[in-house]
Amino acid sequence: MRYDNLSVLELRKLLDNKEITIEDLFNNSRELAIKLNGDYNNFVTILDKLEHSSNKNSLLNGIPYALKDNFSTKDILTTASSNILKDYIPVYNSTVYQKLIDAGCVLVGKTTLDELAMGGTGTTCHTGVVRNIWDKKRMVGGSSSGSANAVASGIVPFALGSDTGDSVRKPASYVGVVGFKPTYGRISRYGLFAFASSLDHVGIFARNVKDVAIVTDVLKGKDTNDMTSLEDDNINYLDNLDNEIKGRKLFYIKEVINVKTNNKETDEIIKNFKENIDKLRELGFIIEEVSIDKKLLEAVYPTYNIISCAEATSNNANLTGILYGPRSDKDNINDMIFDARTKGFSELIKRRFVIGSYVLQKENQEKLFLNACRVRRIIVDKINDLFKKYDGYILPACGTVAPLLEDASDKLTEEYLILENHLQIGNFGGFPSITIPCGYVNNMPISINLTGRAKEDSLVLNMAYHISNKLGNHDIIARRDNDV
């Protein structure tokens, strides 16, 4: 029997009825992870043996999963896919990892990511390029590349990633799975290697909204180790998925849908979006078009770049080859640090640190960093003002299918600036945001994204559940038979 196409609840039933064992599930996942890793590079580490702390009261007891390799796992290699951390073994557990242990989950392995979670391609991992499970010539997106592929290929029913700009939600779109970023602070970030602390979120991949709700119910809640974490809202998200949504009001942004493009894929994606909007109105959603100043939308990408690079430079100042990373044999501290950071980081990371350092220089802080923070606030205020009337907004998750690895994009086009970067608004405001598969273009999956008011995670999942059921593109397994 195949287990790799089953949901959490389907696996739960088989386990409870003793039709399969926890060992069966772990071995099945591990073997598939090994078989696919050579071609797709999904995992940095695949565990050799089953580690399980039973919790018979948990829906996730015995369920296998994968964890992005920037979450601290005691005594398990944790590299963040960077050469400077290639031998790092933590001495403590991240909160989410500990909660999953307590829930009886079974870790299969640590997944590959863009180095230090800084990237959106899956091409800067220290172990090589992550290739899309649907088409080896295409990228998965990033930075949570391996986690997305692990779920889409059926290795595990769910995986954790991190989302600083779109690093869960865009890869989810590129491989046809559900990707959820909850409200900022809803899930503790303790033990997650910081990229940009004001933007970082823990995120979840699964093949349906119900599984996402189950995992979020386990992970959410206050953590004394994370001062930004929120008190538990004491809502069971799974139990509230089927609540009535008739009369819920959503908007989409005119300027995102009407971007100028010469790309046939983009045209098909927008056409699909408009058709799906009509289907969702049949469910009882009220969906309206709103207009937002195009200059504000075009400012999202540069604002994100300035803030994230500045915070990344500060957060990673400890990666010197002294505190962390391989120590060189140079004669003085400055030469040791220079050697470690030169050899330990890819060119992309070095560029981001240079930008961040420039932005944070005293003479540039007012003009660049603080102005970017002001623009961020203007954008968030605009969305919050719309949220006074609407329950959320819905847009295409991105403007293309997963790009070919050899393709280069023009990041100054209107299409890229607006259609490819609106997901970052969810990080600016800490809004709960979910990507839902909605169809195919050129035999590759595409998705829509739903974003709602902060702290209304239950409502966002409730609406997403109805949307997913209506569109019918859930529980998809991408792996081809000839790949194993």
Regarding [X] and [Y], is there a side-chain donor-to-acceptor distance under 3.5 Å anywhere?
| X | Y | value |
| --- | --- | --- |
| Gln424 | Asn427 | no |
| Asp475 | Asn208 | yes |
| Thr261 | Asn263 | no |
| Ser433 | Thr451 | yes |
| Asn27 | Glu31 | no |
| Asn240 | Ser458 | no |
| Glu115 | Ser346 | yes |
| Asp223 | Ser188 | yes |
| Asn315 | Ser197 | yes |

Where the side chain of [X] meets the backbone of [Y], is there a donor-acceptor pair that is under 3.5 Å apart?
| X | Y | result |
| --- | --- | --- |
| Arg248 | Met463 | no |
| Arg138 | Ala402 | yes |
| Asp211 | Ser7 | no |

Can we say [X] and [Y] salt-bridge, meaning some charged N sits less than 4.0 Å from an Asp/Glu carboxylate O?
| X | Y | answer |
| --- | --- | --- |
| Asp166 | Arg169 | no |
| Lys13 | Glu10 | no |
| Lys170 | Glu420 | yes |
| Asp39 | Arg131 | no |
| Lys470 | Glu282 | yes |
| Asp163 | Lys181 | no |
| Lys271 | Asp267 | no |

Side-chain contact test, heavy atoms from C-beta onward, threshold under 4.5 Å: evaluate it for [X] versus [Y] and give yes or no.
| X | Y | value |
| --- | --- | --- |
| Val300 | Phe428 | yes |
| Phe193 | Phe71 | no |
| Trp134 | Val401 | no |

Assign the ring pair Tyr393 / Phe251 to parallel, tilted or perpendicular, where the plane angle (0 to 90°) is split at 30° and 60°.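 It falls in the tilted class, 30° to 60°.
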Please determine if Lys220 forms a cation-pi arrangement with Tyr237, meaning its NZ or CZ atom is less than 6.0 Å from the six-membered ring centre and no more than 45° off the ring axis.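 Yes, a cation-pi geometry.
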Please check if atom NZ in Lys137 has more than 12 non-hydrogen atoms from other residues, nucleotides or ligands closer than 6.0 Å.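 Not more than 12 within 6.0 Å, no.
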Do Tyr190 and Tyr92 pass the ring-ring contact (aromatic ring centres under 6.0 Å, His included) test, and can you show the C-alpha distance, the side-chain angles, and the key distance before you say yes or no? CA-CA 10 Å; Tyr190 178 70; Tyr92 74 102; 5.4 Å; yes
Phe158 ring center within less than 6.0 Å of Phe205 ring center: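 Ring-ring flag for Phe205/Phe158: false, centres at least 6.0 Å apart.
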Between Arg12 and Asp16, is the salt bridge (Lys or Arg N to Asp or Glu O under 4.0 Å) condition met? List the steps. CA-CA 6 Å; Arg12 173 83 276 124; Asp16 291 346; 3.1 Å; yes
Under the side-chain hydrogen bond (donor to acceptor under 3.5 Å, both in side chains) rule, what do Asn41 and Thr127 come out as? Steps first, then yes or no, please. CA-CA 8 Å; Asn41 189 33; Thr127 54; 3.2 Å; yes
Name all pairs fulfilling the salt bridge (Lys or Arg N to Asp or Glu O under 4.0 Å) condition that reach into residues 187-207, sequence neighbours left out, sorted by first residue then second.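 Every pair satisfying salt bridge (Lys or Arg N to Asp or Glu O under 4.0 Å) with a residue in residues 187-207: there are none.
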Kindly compute the distance separating CG (Asp114) from CG (Leu348), expressed to the nearest 0.5 Å.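 The distance works out to 7.5 Å.
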Measure the CD1-CG distance between Ile34 and Leu32 for me, rounded to the nearest 0.5 Å.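 Result: 10.0 Å between the selected atoms.
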Show, in sequence, the C-alpha distance, side-chain angles and deciding distance for Ile436 and His474, and conclude whether the side chain to side chain contact (heavy atoms under 4.5 Å, CB included) test is met. CA-CA 8 Å; Ile436 309 158; His474 47 75; over 6 Å; no
Between Leu160 and Leu100, does a side chain to side chain contact (heavy atoms under 4.5 Å, CB included) hold up when you go through it step by step? CA-CA 11 Å; Leu160 296 195; Leu100 291 172; 3.9 Å; yes
What do the steps show when you test Tyr324 against Tyr88 for ring-ring contact (aromatic ring centres under 6.0 Å, His included), and what is the final call? CA-CA 8 Å; Tyr324 296 95; Tyr88 175 60; 5.5 Å; yes
Among Ser81, Ser145, Ser147, Ser162, whose side chain to side chain donor-acceptor pair (under 3.5 Å) with Lys68 holds?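 Of all the options given, the one that passes is Ser162.
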